[in-house]
Amino acid sequence: MEIADRLRELARNLYWTWHPEIIEIFRDLDPALWREVNHNPEEFFDRLDPKALAEKTAELALDARVSLAFHQMHNYLEASGTWGARHAGVLQAKPVLYFSAEFGLHESLPIYSGGLGVLSGDHLKAASDLGVPLVGVGLFYAKGYFRQKLDKDGWQQEDYFVSDVHKLPMTRATDAEGKPLRVRVRTRPSTICAEVWAAQVGRCRLLLLDTNVDENTPDDRALTSILYGGDRRVRIRQELVLGVGGLLAAEALGICPGVIHLNEGHSVFATLAAARMMMQREGRNFDDVREKVSAMTVFTTHTPVEAGHDRFDADLIEQTLGPLREDLGFSPRDLMSLGRVDPDDQSEPFCMTVLGLRMAQRRNAVSARHARLSRAMWRRVWPKLPEDMIPIGHITNGVHSKSWLAVPLAPLFDRYLGIDWQERMHEPQTWAGIDKIDDEEFWEQHQVLKVRLIEYVRRCVGRQEARRGGQPVEDRLDPMALTIGFARRFAGYKRADLLLGDVERLERLVNNPHKPVQIIYAGKAHPDSEDGKRLIQKIVRASRRPALAGRVVFLEDHDMNVGRHLVQGADVWLNTPRRPMEACGTSGQKVIFNGGLNLSIPDGWWAEAYDGSNGFVIGCGLEHADADIQDRIDRDALFDVLENQVVPMFYDCNSKGIPYRWVARQKNAMRSLPWRFSARRMFRDYTTQCYLPAAGGRTCFLP
Ligand SMILES: *Cc1c(COP(=O)(O)O)cnc(C)c1O
């Protein structure tokens, strides 16, 4: 096989996205082009001149590296003794069908918006690593979410590109006759047709439905073009295609799921489609099959924020689901009852979360706190049960370590944790080896990552400013200064502007002559969120104040690439949600694998992770009914902990110049956190607590 063919094959399986040895081969071939194509290998190889490729391979003696990576990938794909083969045999013939509205696998496949998508991507990668049969189901958004640019005034501009399907690592799924597969979902007034793309994620497949086909009306062709775009009608029709179309696609491809996992409420129409399928196959009515559908269904709820739970009024439900409703033998009212907290309340809209809770036998939230809150939030769905008996458990989210771990750290872990640390990542004793690392070596390693981050930030800022054409800002970034990172969606409850509530105090903090602090922000606001955009603008404007300029920086176009740089190089990861709104939060989990320390409100995962010495906590977790008062209390608490703990500890060095107390805390974090918050641990929990019982019809999942 030619080396070019091998490279192409490596590029076609998203396996490369979490194997740095392959990424390094791509990059080494042409670093500038690699960056220019936003790390998209399909486009990269289309544009790379074959002669240059041949020359570069010879010059760098790439043959051996490519062969090794190629064989390692094949060994991985063909391995038979995986954890899944040993422990999840029942899923071999009947895989998990995993539905999600977004999948964040890599920046070059832009079909995600934030944490939910990245979680779905990490879930797929963990399934692949563990060898558990799982097929992902999502939508192909040709225009993605959007690319973010800011105008001179710091106001967000959305830039909608159109992905070229030929430059994405997907192929058309084909039907039994080898023709491109098309599924049809009956709705009113017209049937929606969707084409199905398949992407390979290691050992797992991801199916992506795309309604941009000639037989659809112009409106329906555009249906799946933008993630979280459009009005209520677009939203419900997207969800119809995802849930119902997704199940039809799996069936047409001969996939017979043993488990249906609905990751968030967007896809729960799949349960109705599954019931219809079973009814038609077995000639029975809804009540006969309901229990069977329920037994195989897992539903994960992801947010306590009201707006995060889709609700549709009766007209829209009837218009969209009418044909399916008739097949199920329902009256319009029967159907509405399934999505109402109080089935008899005719004024209530249809809530996707309620349908999920009613139809799935196994339901979970994404952290312990979030589960308690969800039980309170949805208790009226089970009016006869006391709140602590409401059947919503929790599996706390985790992150896919190899996707987020800085490349130089892997050899360090190999050396001190043992070469098989990846496989033993979920065991606490694996991480005990952290203490064997010499403080100096540990600190130096972290410093290397931080220097890399600062260089990256400088490059980005330079590019941004050149484009905006404003006054250049003095570069005051310093790789020795305490560096705080904050990057996530700009949803109001995340309070990105908390530090700006007292600008004078922030200026003093940042400009402390011997103990300077710099803060790097990034994040997108939803295109419809004026509040989110105002938050961004507030930060950008603050970053232009003379006392903050160059020390407070906003990076445009937050994506997995920007996020990766930040979580790998920051000293401190700031997280300021208004309690109790953060269901889990995952960006802080990416940081703990890289030696960063979390500074967070005790909400979501941090409420169960913080032990007094593995990071920092903001405030004592009090909640005030008045949001403004709450914000003021939390802001003061944040400044207090920064001024009195974080900054002094960071700058308290021993005679060798090592901040020994800080390093001790970094090591505490690495010893106590990664094993609990990896996607590997999360996925094993889903398998043992949900998938296996759901596929085998065994014990019930209770909190
Ligand atoms: C991890 C990640 C998030 C999640 O952020 P949290 O607010 O911590 O949940 C959002 N966006 C991107 C691009 C991420 O990689």
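The figures here come from the full heavy-atom set of this structure, side chains too, leaving out hydrogens, waters and symmetry mates. Predicted model only: the values in this text are computed from it and were never measured.
Checked by atom type and distance alone, the side chain of Asn216 pairs as donor or acceptor with a backbone atom of Cys193 at under 3.5 Å. Between the side chain of Gln238 and the backbone N or O of Leu223, at least one donor-acceptor pair lies under 3.5 Å. In this structure, the side chain of Arg489 does not engage the main chain of Gly114 through any donor-acceptor pair within 3.5 Å. A donor-acceptor pair under 3.5 Å is absent between the side-chain atoms of Ser367 and the main chain of Thr396, judged by distance alone. The backbone N or O of Met278 sits nowhere less than 3.5 Å from a side-chain atom of Arg284 that would complete a donor-acceptor pair. Here the side chain of Thr320 pairs a donor or acceptor atom with the backbone of Leu316 at under 3.5 angstrom. Between the side chain of Arg363 and the backbone N or O of Gln361, at least one donor-acceptor pair lies under 3.5 Å. When atom types are taken as modelled, the side chain of Ser267 and the backbone of Gly243 share no donor-acceptor pair closer than 3.5 angstrom. Using a distance-only test at 3.5 Å, with no hydrogens or angles considered, no donor-acceptor pair links the side chain of Arg311 to the main chain of Glu348. Looking only at distances, a side-chain donor or acceptor of Glu102 sits under 3.5 Å from a matching main-chain atom of Ser113.
Among residues two or more places apart in sequence or in another chain, the ring-ring contact (aromatic ring centres under 6.0 Å, His included) test is passed with Phe683 by His123, Tyr691. With sequence neighbours left out, the salt bridge (charged side-chain N to carboxylate O under 4.0 Å, His left out) criterion links Arg8 to Glu42, Asp46. Residues satisfying the ring-ring contact (aromatic ring centres under 6.0 Å, His included) criterion with His309, sequence neighbours excluded, are Trp378. His39 meets the ring-ring contact (aromatic ring centres under 6.0 Å, His included) test with Trp34; sequence neighbours excluded. Lys384 pairs by the salt bridge (charged side-chain N to carboxylate O under 4.0 Å, His left out) definition with nothing, not counting sequence neighbours.
By the neighbour-count criterion of 12 heavy atoms within 6.0 Å, atom CD of Glu530 is densely surrounded, having more than that number from other residues, nucleotides or ligands. Atom CZ of Arg380 has 12 or fewer neighbouring heavy atoms from other residues, nucleotides or ligands inside a 6.0 Å radius.
Looking at Val381 and Val341, their side chains come closer than 4.5 Å, going by heavy atoms from C-beta outward. Contact check for Leu253 versus Val135: no side-chain heavy atoms found under the 4.5 Å cut-off. Contact of the Glu158 side chain with the Tyr145 side chain is not registered, since no non-hydrogen atoms from C-beta on lie closer than 4.5 Å. Within the 4.5 Å cutoff, side-chain heavy atoms of Thr271 are placed close to those of Leu355. When side chains are defined from C-beta on, Arg147 counts as touching Phe161, because their heavy atoms get closer than 4.5 Å. In this structure, Thr211 and Arg237 have side chains that are not in contact, with every pair of non-hydrogen atoms separated by 4.5 Å or more. Using a 4.5 Å heavy-atom cutoff, the side chains of Leu209 and Leu242 are not in contact. In this structure the side chain of Phe103 reaches within 4.5 angstrom of the side chain of Tyr98, judged on heavy atoms.
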>> What verdict does the side-chain contact (heavy atoms from CB on, under 4.5 Å) test give for Leu119 and Glu264, after you've listed the backbone C-alpha separation in whole Å, the side-chain angles of each residue and the deciding distance to 0.1 Å?
In response: CA-CA 11 Å; Leu119 179 83; Glu264 190 49 305; over 6 Å; no
> Where do Leu272 and Arg325 land on the side-chain contact (heavy atoms from CB on, under 4.5 Å) test, with the steps shown first?
Replying inline: CA-CA 9 Å; Leu272 301 178; Arg325 171 187 66 70; over 6 Å; no
>> Could you go through Asn397 and Trp605, starting from their C-alpha distance and side-chain angles, then the distance that decides it, and tell me whether this counts as side chain to side chain donor-acceptor pair (under 3.5 Å)?
In response: CA-CA 8 Å; Asn397 289 339; Trp605 77 289; over 6 Å; no
> Going through the distances and angles, do Phe490 and Lys524 end up as a side-chain contact (heavy atoms from CB on, under 4.5 Å)?
Replying inline: CA-CA 6 Å; Phe490 270 53; Lys524 293 175 177 176; over 6 Å; no
> Hey, mind stepping through Arg188 and Glu318 against salt bridge (charged side-chain N to carboxylate O under 4.0 Å, His left out) and telling me if it holds?
Replying inline: CA-CA 9 Å; Arg188 287 171 189 153; Glu318 177 58 17; 3.1 Å; yes
>> Could you go through Arg186 and Asp327, starting from their C-alpha distance and side-chain angles, then the distance that decides it, and tell me whether this counts as salt bridge (charged side-chain N to carboxylate O under 4.0 Å, His left out)?
In response: CA-CA 11 Å; Arg186 280 187 296 129; Asp327 291 346; 2.6 Å; yes
> Does the pair Ile236 and Phe350 meet the rule for a side-chain contact (heavy atoms from CB on, under 4.5 Å), with working shown?
Replying inline: CA-CA 11 Å; Ile236 193 173; Phe350 185 100; over 6 Å; no
>> For His106 and Asn40: C-alpha separation, side-chain torsions, deciding distance, then whether side chain to side chain donor-acceptor pair (under 3.5 Å) applies.
In response: CA-CA 9 Å; His106 189 259; Asn40 176 339; over 6 Å; no
> Should Asp345 and Arg340 be marked as a salt bridge (charged side-chain N to carboxylate O under 4.0 Å, His left out) after you check the CA-CA gap, both sets of side-chain angles, and the distance that decides it?
Replying inline: CA-CA 7 Å; Asp345 180 355; Arg340 283 177 170 147; over 6 Å; no
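Of the charged side-chain nitrogens involved, none lies within less than 4.0 Å of a carboxylate oxygen, so that Glu582 and Arg488 do not count as a salt-bridged pair. Salt bridge Glu282/Lys292: present, at least one basic N to carboxylate O contact under 4.0 Å. Looking at Asp287 and Arg290, no side-chain N of the basic residue comes within less than 4.0 Å of a carboxylate O on the acidic one, giving no salt bridge. Checked for salt-bridge contact, Asp214 and Arg182 meet the test: a charged N lies under 4.0 Å from a carboxylate O. In this structure, Arg276 does not pair ionically with Glu251, as no charged nitrogen and carboxylate oxygen lie closer than 4.0 Å.
Judged as a ring-ring contact (aromatic ring centres under 6.0 Å, His included), not a single pair has a partner in residues 229-252 (not counting sequence neighbours).
Side-chain contact of Asp334 with Ser331: a donor-acceptor pair under 3.5 Å is present, judged by distance alone. Asn364 and Thr300 share a side-chain donor-acceptor pair at under 3.5 Å. Side-chain contact check for Asn38 and Glu107: no donor-acceptor pair (N or O, by modelled atom type) lies under 3.5 Å.
Aromatic ring centres of Tyr686 and His261 lie closer together than 6.0 Å.
Scanning all heavy atoms of the two residues, the minimum distance from Leu247 to Ile260 falls at CD1-CD1, 4.0 Å. Taking every heavy atom of both residues into account, Val118 and Tyr112 meet most closely at CG2-CD1, 4.4 Å.
Taken from CE in Met581 to NZ in Lys494, the straight-line distance is 11.5 Å, to the nearest 0.5 Å. Taking CG from Asp210 and CE from Met170, the interatomic distance works out to 7.0 Å, rounded to the nearest 0.5 Å. Remark: Thr187 OG1 to Leu324 CG distance equals 9.5 Å, nearest 0.5 Å.
Arg232 pairs in a salt bridge (Lys or Arg N to Asp or Glu O under 4.0 Å) with only one of the listed residues (Asp313, Asp310, Asp315), which is Asp310. When the options Gln148, Lys533, Glu556 are evaluated for a side chain to side chain donor-acceptor pair (under 3.5 Å) with Gln156, the one that passes is Gln148.
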